[in-house]
2 protein chains.
Amino acid sequence: MHANVKQNVVPLITPGLKLACSQCNLRELCLPFGLSEHDMGRLDSLIGGARKLKRGQHLYRAGDVFESIFAVKAGFFKTDVLTEDGRDQVTGFQMAGEIVGMDGISTEVHTCNAVALEDSEVCLIPFTELEVLSSEIRSLQHHLHKVMSREIVRDHGVMMLLGTMRAEERLAAFLLNLSQRFTTRGYSPTEFHLRMTREEIGSYLGLKLETVSRAFSRFQDEGLISVQQKHIRILDIPRLKTLLAPPDGRIR
Amino acid sequence: MHANVKQNVVPLITPGLKLACSQCNLRELCLPFGLSEHDMGRLDSLIGGARKLKRGQHLYRAGDVFESIFAVKAGFFKTDVLTEDGRDQVTGFQMAGEIVGMDGISTEVHTCNAVALEDSEVCLIPFTELEVLSSEIRSLQHHLHKVMSREIVRDHGVMMLLGTMRAEERLAAFLLNLSQRFTTRGYSPTEFHLRMTREEIGSYLGLKLETVSRAFSRFQDEGLISVQQKHIRILDIPRLKTLLAPPDGRIR
DNA sequence: AAGTTGCATTGACACAGATCAAAGGGGTAC
DNA sequence: GTACCCCTTTGATCTGTGTCAATGCAACTT
């Protein structure tokens with residue numbers, strides 16, 4: 001289904017590209033959070049350099065041997081799982097400062113695909129070496145655990161969304177989540193470009209692309225947002241939030 | 001909605017109950033997996049004892065301060081998230097040898113509830129001390145990471161289920177998953193008691209209890225299983241498996 | 001600049017699962 | 001041992017979302 005099959009060129013590591021964590025403006029969002037200058041230097045020294053990816057390129061594929069986790073330095077990714085029987089589910093969208101690849105730790109093999117949705121750049125963090133260092137730096141160890149736990153909690157949120165919400169509620173939650181993450185990164189909370197297609201949004205939200213499209217249109221008709229293809233402007237955040245909390249209180 | 005609100009008695013630790021990991025027949029499924037005798041002894045010494053819970057009792061609640069993770073020693077648990085707006089989603093069912101509570105690591109506060117579905121027993125594993133020990137024992141550290149990663153991968157599986165499967169497919173996947181886990185623990189793969197209600201199954205699978213009940217009945221009519229309240233006998237595992245792989249191949 | 005291609009929108013209709021309702025069964029507590 | 005209550009089953013109907021199909025829009029290629 002994806003048109004990118006041919007783009008399976010293994011992205012090469014770009015050594016000159018390396019930028020120390022201590023210099024990185026994402027350090028407060030990313031793995032080095034809470035480290036001293038000195039410890040950050042130690043983390044720097046194990047990071048295997050950066051890797052640039054063009055839109056559509058895979059960072060890794062299901063079945064690849066797991067060696068590293070990745071910190072998104074710039075750009076936008078999606079992760080998806082696909083099963084033998086042809087099911088395909090987007091499990092997440094990742095942006096700058098977020099960690100990708102932790103699915104591979106459990107079996108030493110990646111269980112999902114990670115694809116760049118725009119030209120992107122990641123820092124490569126060899127996992128075995130990270131474990132060594134984290135056994136020496138208490139705060140690094142603890143933060144790594146927090147990052148993994150946060151992923152578990154995030155997944156619970158998605159399960160809640162998929163299990164209990166209706167189409168418009170899901171889309172509202174999705175937009176508010178993006179808005180919130182853009183805010184954290186210093187971008188506009190109300191105006192942004194979607195990097196993914198309607199189909200990818202639909203897959204993530206457990207909906208068909210037509211349903212996503214219709215929900216966008218309805219939100220626009222009601223003055224909640226303005227949509228022009230992938231360009232979104234949120235016009236009424238408070239009212240969007242009320243969509244998530246059914247007025248009747250739905251106290252089961 | 002739950003009738004168990006009054007049973008909020010804090011379960012006390014039962015010191016005499018402590019049974020060393022090395023004596024535990026779950027050690028190959030649980031945290032001590034892969035440890036030497038000696039290291040298992042060190043793990044034993046930090047485990048804070050066992051805790052018994054009656055059916056309906058909470059192991060922890062959303063909002064509780066996070067201090068420990070728990071290994072299920074006997075019994076059966078569910079975890080669920082509930083939001084301010086009254087949504088309620090069962091995020092998992094846990095049985096012997098499985099680890100509960102990792103949702104709390106990220107914010108130091110639990111984000112979901114864990115409730116015993118039958119009289120149960122857990123080992124209490126203080127997390128800070130576990131971190132200390134795991135920085136000293138490489139294989140323990142790595143196994144902890146694997147356990148957390150496995151939880152992430154499991155959640156992806158649930159997202160796939162909720163996002164792409166129809167009611168009967170979800171229930172078939174659920175039964176096969178239980179069957180597989182019972183097998184691992186030496187119980188019958190084909191005959192078991194459900195510890196949870198139709199409503200809890202429905203919440204986990206993103207369905208209403210009536211839909212779950214109807215799907216059970218249809219499976220029974222078709223000779224796939226036999227159902228009598230909570231007692232399940234799987235009659236035809238292969239055919240149940242084919243329900244998961246749509247014959248047309250559904251290659252989107 | 002025109003043609004191609006993929007993505008998005010919109011409409012009509014179908015259907016799976018939700019909702020509402022009622023009755024039966026089994027386990028639990030007293 | 002008995003009574004109550006919760007859980008489960010089953011039916012009838014409703015509805016949100018999927019499906020199928022056609023058109024429109026925009027970006028990229030040559």
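Within every chain, numbering begins at 1; the chains are lettered A, B, ... in the order of the sequence lines, protein sequences first and strands thereafter.
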Exercise for review: Determine the contact category for Ser213(A): base if any of its heavy atoms lies under 4.0 Å from a base atom, sugar-phosphate if only primed atoms, P, OP1 or OP2 are that close, otherwise nothing.
Suggested key: base
Exercise for review: May I ask you to verify if any side-chain N or O of Lys230(A) is less than 4.0 angstrom from the OP1 or OP2 atom of dA27(D)?
Suggested key: no
Check your understanding: For Ser217(A) and dT9(C), is the shortest distance between a side-chain N/O and OP1 or OP2 below 4.0 Å?
Key -> no
Review point. Are any of the side-chain nitrogens in Asp119(A) or Arg55(A) under 4.0 Å away from the carboxylate oxygens of its partner?
Key: no
Where do N or O atoms of nucleotides 3-5 of chain D meet protein N or O atoms at under 3.5 Å, pair by pair?
none

Review point. Is Arg214(A) side chain donor-acceptor paired with the dG11(C) base, going by distance under 3.5 Å alone?
Key: yes
Study note, to complete from the structure: Whichever of Ala167(A) and Gln228(A) has the more 5' nearest nucleotide on DNA chain D, that residue is Ala167(A)
Review point. Where each residue is assigned the nucleotide of DNA chain C containing its nearest heavy atom, which of Glu210(B) and Arg218(B) is assigned the position nearer the 5′ end?
Key: Arg218(B)
Point to revise | Residues, nucleotides or ligands: over 12 heavy atoms within 6.0 Å of Arg185(A) CZ | key: yes
Check your understanding: Contact class for Gly206(A) (heavy atom, under 4.0 Å): base, sugar-phosphate, or nothing?
Key -> sugar-phosphate
**Study point:** Under 4.0 angstrom between Arg198(B) side-chain N/O and dT8(D) OP1 or OP2
**Key:** yes
Revision key, fill the gap. The correct set of residues in residues 155-162 of chain A placing a heavy atom under 4.0 Å from DNA chain C is none
Review point. Hey, does Leu207(B) reach any base, or is it just sugar-phosphate, or nothing, if we go heavy atoms under 4.0 Å?
Key: sugar-phosphate
Review point. Rounded to whole angstrom units, what separation is found between the CG atom of Leu209(B) and the P atom of dA18(C)?
Key: 10 Å
Point to revise | Arg239(A), CZ atom: more than 12 neighbouring heavy atoms under 6.0 Å | key: yes
